[in-house]
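Order of appearance sets the numbers: ligands from 1, and atoms from 1 within every ligand.
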Amino acid sequence: MDFKCIFKEGKVYKALLNGEWVESKSAKTESIFSPVDGALVGKVQAMTKEEADLFVKSASNAQKKWATVPVNERADLVHKAADILYKEKEIVADILVEEIAKNKKSSLSEVTRTVDFMHFTAEEGKRVVGESLSSDAFPGFGKGKVSIVSRVPLGVVLAISPFNYPVNLSASKIAPALVAGNAVVFKPPTQGSISGLYLAQVFCEAGLPAGVLNAITGQGRDIGDYLVSHSGINMIAFTGSSKVGKHISKIAGMIPLLLELGGKDAAIVLEDADLESTSKEIVSGAFSYSGQRCTAVKRVLVQDSVADKLIEILIPMVKKLKVGRPKDDADITPLISTSAADYVQELIDDAINKKAKLLIGNKREKNLIYPTVFDNVSVDMRLAWEEPFGPVLPIMRVKNEGEAIKIANDSEYGLQSSVFTRNIDRAFEISSQLEVGTVQINSKTERGPDHFPFIGVKSSGMGTQGIRYSIEAMSRSKAVVINLK
Ligand code: NAP
Ligand code: G3P
């Protein structure tokens, strides 16, 4: 990459501090190995807690000036970064292929989706405006007061992203934060940090002032708690597991949190559904990126009367999924780690021991798990409730929509659900009863388009993401009251 900002030497990547790419004084690094073949992708800095202070302090200092830069200039910078990312899309996508084993097509689409996200955010940032209120709406005040309410930044946003979208779910925090006038301390996932550093590099190259974006690497378990509870952090935007998200919410204190966490999205299939298109949506929803998506379809709740027919259509589609290497554009690729694959295998074994009917799969080569589908999964099985984050789909047969709603809602999670039916009235009635952030009617569960609100309830999160919603979450109202004589 022909960049001015030098962020790597050989395979050793540096961290971004105050406009400079730096190494840890501890001389410690984290080695990032490819989930595909174990080859070394690169080494990133294992920053210490003492060094973390410098990242926060520098961001805090830089933010004050950044907040005074006109919003159209902040937006221009985000546009410029998006243009650079677009130019470098092949390089960044190739890193994703190696680092997180996402197939090339999906990796490219992650990058171009991020470019679109950044452009849209830059424009939307200019449209987030305040309001003015007159006192005469409230009894007893007459017209004597006017409140001018504007949006102001929060200060320093800590952006923490997960391995499965290390570019997109990082930019979807960084861009709204920056356009709203915040500085950002960005901590990418360790497996995904090289992709994250490429993104930081793009902002550096676009000419972002020193300190406005600092990128710190190191294991979450070593520096995460320290950063999250740091007094210089004014807001946390986190995407990751419910376990870590809940932990953060306990220790973060009184600062705003935006949490996007796990999910166990149900696809509810009613007897009048178009089973052909339903099957397509379910297969794509369950198995894209080998099921490593928070919004993956993670269980099917199908009315018994059409379950056999659904399975008859769905299984041949699963058989067609290509299993193999991400660079060959396989649909099912090795999972992020051996421990992730071990966990998926545990859930499969539990279902088999409890007599679920294996329809396809349960084959494994190291961390590559073949697409697996079970019928007759029941509520006593772990697969009914736990998030595998792998290519395993449990089918649960239900008598009627009431039972489907009950099982869907009995989950600790509340990200999304799908309802497949030709009857729009039934779809709306069921949607109104589902305890989730979003219901998709006749589609797989999914986050995009990215200006839609993205909401997790219960253990699936807190707050609303989506371009305008994220900008609002990363700014606050400030009122100045004019008292008229
Ligand atoms: P994770 O293990 O929770 O890690 C997420 C991020 O948190 C990583 O950057 C990690 O750093 C960091 N971290 C770990 N411990 C921390 C601590 N004590 N304090 C602060 N940060 C800490 O999740 P993951 O395995 O990367 O991602 C998979 C999970 O994310 C799934 O549950 C999935 O459903 C969820 N997810 C949710 C959404 C959504 O939008 N709702 C989207 C994507 C993923 P290290 O990598 O260094 O450990
Ligand atoms: O798991 C990441 C999440 O944000 C899903 O996005 O676009 O795959 O539905 P998407």
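- Not one N or O of Asn164 is nearer than 3.5 Å to an N or O of ligand 1, by distance alone.
- Residue Arg293 has no N or O atom closer than 3.5 Å to an N or O atom of ligand 1.
- At least one N/O-N/O distance between Asn164 and ligand 2 falls below 3.5 Å.
- With respect to atom 11 (O) of ligand 1, the closest heavy atom belonging to the protein is Lys187 NZ, 3.2 Å.
- For ligand 2, the polar-atom distance check against Glu260 finds no nitrogen or oxygen pair separated by under 3.5 Å.
- Regarding atom 24 (P) of ligand 1, its nearest protein heavy-atom neighbour is Phe163 CD2, 3.7 Å.
- Geometrically, Lys363 engages Tyr370 in a cation-pi contact, judged by NZ or CZ lying under 6.0 Å from the ring centre and within 45° of the ring axis.
- Of the protein's heavy atoms, Gly240 C, 2.9 Å lies nearest to atom 30 (O) of ligand 1.
- In terms of polar-atom proximity, defined here as any N/O pair under 3.5 Å, Gln191 makes no such contact with ligand 1.
- Annotation: atom 4 (O) of ligand 2 to nearest protein heavy atom, Arg447 NE, 2.6 Å.
- In this structure, Arg113 has a heavy atom closer than 4.0 Å to ligand 2.
- Residue Gly456 places no heavy atom under 4.0 Å from ligand 1.
- Interface of Leu169 with ligand 1, defined as ligand atoms under 4.0 Å from a residue heavy atom, comprises 42 (C), 43 (C).
- Distance from atom 22 (C) of ligand 1 to its nearest protein heavy atom, with residue and atom name: Val244 CG1, 3.7 Å.
- Polar contact check, Phe454 against ligand 2: no nitrogen or oxygen pair lies under 3.5 Å apart.
- Below 30°, between 30° and 60°, or above 60°: for Phe389 and Phe163 the angle between ring planes is above 60°, a perpendicular geometry.
- Residue Ala340 places no heavy atom under 4.0 Å from ligand 1.
- Because its NZ or CZ atom is both nearer than 6.0 Å to the ring centre of Tyr165 and within 45° of the ring axis, Lys102 counts as a cation-pi partner of that residue.
- Salt-bridge check for Lys49 with Asp53: failed, with every basic side-chain N at 4.0 Å or more from each acidic carboxylate O.
- Ligand 1 has a nitrogen or oxygen under 3.5 angstrom from a nitrogen or oxygen of Leu261.
- Ranking the protein heavy atoms by distance from atom 12 (C) of ligand 1 puts Ile160 CG2, 3.8 Å first.
- On a distance-only criterion, Asp225 and ligand 1 share at least one N/O pair closer than 3.5 Å.
- When distances from atom 47 (O) of ligand 1 to the protein are checked, a heavy atom turns up under 4.0 Å.
- For atom 20 (C) of ligand 1, the closest non-hydrogen atom on the protein side is Gly224 CA, 3.5 Å.
- Looking at Gln292 next to ligand 2, no N or O pair under 3.5 Å apart turns up.
- Considering backbone and side-chain atoms alike, Ser460 places every N or O at 3.5 Å or more from each N or O of ligand 1.
- Contacts of Glu387 with ligand 1, taken as heavy-atom pairs under 4.0 Å, involve the side chain alone.
- Using a 4.5 Å heavy-atom cutoff, the side chains of Thr445 and Leu415 are not in contact.
- Nearest protein heavy-atom contact of atom 28 (C) of ligand 1 is Phe389 CE2, 3.6 Å.
- Contact between Phe454 and ligand 1 is present, with at least one heavy atom of the residue lying under 4.0 Å from the ligand.
- Between Glu260 and ligand 1, at least one pair of N/O atoms sits closer than 3.5 Å.
- Of the protein's non-hydrogen atoms, Thr295 OG1, 2.6 Å is the one closest to atom 9 (O) of ligand 2.
- In terms of protein heavy-atom proximity, atom 23 (O) of ligand 1 is closest to Ser241 N, 3.4 Å.
- Distances between N or O atoms of Lys298 and those of ligand 1 include no value under 3.5 Å.
- Within the set Gly448, Cys294, Ala296, the minimum heavy-atom distance to atom 1 (O) of ligand 2 is found for Cys294.
- Regarding atom 10 (P) of ligand 2, its nearest protein heavy-atom neighbour is Tyr165 OH, 3.4 Å.
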